[in-house]
Amino acid sequence: MYRYDEFDERFVRERVAQFRDQVGRRLSGSLTEDEFKPLRLKNGVYLQLHAYMLRIAVPYGTLSSKQMRQLALIGERYDRGYGHFTTRTNLQFNWPKLRDIPDILDLLADVEMHAIQTSGNCIRNVTADHFAGVAQDEVEDPRPTAELIRQWSSLHPEFDYLPRKFKIAVTGAEHDRAVIKAHDIGLRILRHPDTHEIGYEVIVGGGLGRTPMIGKVVREFLPKADLLAYLEAIMRVYNLEGRRDNKYKARVKILVHEIGTEEFSRRVEEEFARLDGPSVNADPAEVARIAAYFAPPAYETLPATSGAFEAARAGNPDFARWVETNLTPHRQPGYAALTISLKPIGAPPGDATSEQMRVVADLADEFSLSEIRVTHAQNLVLPHVKLSDLFAVWQRLGEAELATANAGLITDIIACPGLDYCALATARSIPIAQALAQRFADPARQKEIGVLNIKISGCINACGHHHVGHIGILGLEKRGIESYQITLGGDATENAAIGEILGPGLAAEDVPDAIERIVSVYLAQRQAGESFIDNVRRIGLAPFKAAFQDTNREVSHAVA
Amino acid sequence: MAAAKRPALPVILLANDLLDGDVVFAAGDANGLHWSRDPGAALVGGDDATADRLDAFAAAELGNQQVVDAYLVDVAVEDGVPVPRHYRERMKTTGPSIRRDLGKQAELPLAQAFLRA
């Protein structure tokens, strides 16, 4: 894992001192709320419905056990004993007091963490594939790239006042687990088809929110060494041309859409040619220094299979089911990456108590080389577990209610905090997720349905990624009550797609029946081995729309 | 405050405490106003004059660095208790619907009256 150097350490400590002073000046009245708000937002401090909220950056979703323990401590000492992992792989505390936040930031700095640039119109926390360095389909670990971008974009003087927020995601694998096509910039590390040199495919202008867009490829192959200069060229074009007159049209996706991908690429290439590349690009020695932190850890040389593991699997159906859903093959023989579901049936998706955080930290120390990952699907990962240890880990997770066997299944639902916490929300999200998880709780049924991503947002800003859910649910307000719009056919992977609306909005209590009908169409019409999303692609929306309209008609009759 | 259109009467004034972030309500009587953490204590402005007073109190208290995000909320008075008409503000008077052990609903028995199924 990356370790702060002297510069990083000083930068974060100075920022805490600065924020402590700003809070002091706010409380004394030297700063008005209008003056203070952009300052607190740049440090991840929001005002929500019931309290302040602190959003802490988890760069590229990688956490050490020590950092996880510190988050547990903060949750216990300054919050209500739990935190919420988000779709941007950050952690949010829902109840901190403004007066305590400087102390919290000091505790974070003690473990090389901060909340800088987790809000505001700047380059946000860079996210990456949560199986980075582990996945079998990986060309190269994306985290050195993400770390380089983190350093370059932290307090970059030219990009600290962008037209709007800016999100970058990186993957080094063939299968996209980082939703790179729904980011302002998505980077895919790949090999050049002819030269086999490693470089980047650069995708710009993706995003969800009010105007969902799938990102466009602006450069098919960028040599690795040119990364920062090329990013700087993109940011300059956006900074100059992005709209500042209308916040709803200010994201780079709108610029790319309005002038077209070709013209956007042309302007970027023009700027890139004009830039003094060598002065912008990272020194190769620095790149190598960063990369060294992400070198593969000291794995043991193990056989590809484990007798103890196979025996436990054969002897315990619950363990076998968990292995089937929550395990990802590791590139190192004898190891696996395991997903810790933060979606126990009926619980708020992504929430973890301080006790659970400590359990995960302990397990990481004992069994996963002290490393933990946070996924955009609001789960955690122990990336390096020996097959022979899996049964023991599973048992310990079970004691902490962390062994739900549902990764990727219909109850592994993404949900934003919604109106239960969020000041921007138009409807609640979490109760919908809870109701759906309870409806589809039966393990046999979940297995029968297979991979199905439901994603729920409580407002049009789409923190719950509903546009790219196989089934998306958007909570809105309709004539003073909560109303839920269902979309179908979204996809967050390399086959990224925006879901289409099935019909009129539904009342909260009608959502489970509607989803049930959608699932029934799939089960009735699927071919052997066909996943839900493949089925939707093959048969189209019409059969699902018809089933959905039946739900709607029944509801209308019931109301009448 | 001046820019926003005043909601329909009757109204209460709510805000978040600057230091804690906790939701607070303007309470009191003709002799003066203060902040209470108890929604049941909120002063109900049933006429323009009281609503004006609440507005003026909001402006003064924002300036005094006591609260943030102060605004008037239209309510229905049910059994003597002012209940916000909109579900968003009802949520502010109770706490998260998914965690009944947190927020005002857990701390103040009276806030239970604000809960809606």
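Each chain gets a letter, A, B and so on, in the order its sequence line appears, and its residues count up from 1. The model shown is predicted, which means the values in this text are computed figures rather than measured ones.
- Side-chain contact between Val77(B) and Val83(B): absent, with no pair of heavy atoms (C-beta onward) separated by less than 4.5 Å.
- With a 4.5 Å cut-off on non-hydrogen atoms, Tyr421(A) touches chain B through its side chain but not through its backbone.
- Partners of Tyr87(B) according to the ring pair (Phe, Tyr, Trp, His ring centres under 6.0 Å) rule, which considers only residues two or more places apart in sequence or in another chain, do not exist here.
- Proximity to chain B is limited to the side chain of Tyr82(A), based on heavy atoms less than 4.5 angstrom apart.
- At a 4.5 Å heavy-atom cutoff, the contact between Gln434(A) and chain B is made by side-chain atoms alone.
- Taking a cutoff of 4.0 Å between a charged side-chain nitrogen and a carboxylate oxygen, Arg439(A) and Asp513(A) qualify as a salt bridge.
- With respect to Arg6(B) and Asp52(B), a salt bridge is recorded, a charged nitrogen being found less than 4.0 Å from a carboxylate O.
- At a 4.5 Å heavy-atom cutoff, Asp101(B) makes no contact with chain A through either its backbone or its side chain.
- Arg99(B) touches chain A through its side chain: at least one heavy atom from C-beta onward sits under 4.5 Å away, while N, CA, C and O do not.
- For the set Asn94(A), Val23(A), Ile430(A), the entry with the most heavy-atom pairs within less than 4.5 Å of chain B is Ile430(A).
- A 4.5 Å side-chain heavy-atom check between Asn16(B) and Lys92(B) finds at least one atom pair inside the cut-off.
- Residue contact with chain B, scored on non-hydrogen atoms closer than 4.5 Å, is absent for Ile101(A).
- For CD of Glu33(A), the number of neighbouring non-hydrogen atoms (other residues, nucleotides, ligands) closer than 6.0 Å is greater than 12.
- The shortest distance between side-chain heavy atoms of Pro96(B) and Gln105(B) falls below 4.5 Å.
- Using a 4.5 Å cut-off between heavy atoms, Pro348(A) touches chain B through its side chain atoms alone.
- Of the atoms belonging to Asp20(B), heavy atoms from both backbone and side chain fall under 4.5 Å from chain A.
- Using a 4.5 Å cut-off between heavy atoms, Pro417(A) does not touch chain B at all.
- Ranked by heavy-atom pairs shorter than 4.5 Å toward chain B, the options Arg80(A), His50(A), Lys37(A) are led by His50(A).
- Defined by atom type and a distance below 3.5 Å, a donor-acceptor pair is missing between the side-chain atoms of Asn90(A) and Thr118(A).
- With a 4.5 angstrom heavy-atom cutoff, Leu47(A) touches chain B only via side-chain atoms.
- Both the backbone and the side chain of Ala423(A) have a heavy atom closer than 4.5 Å to some heavy atom of chain B.
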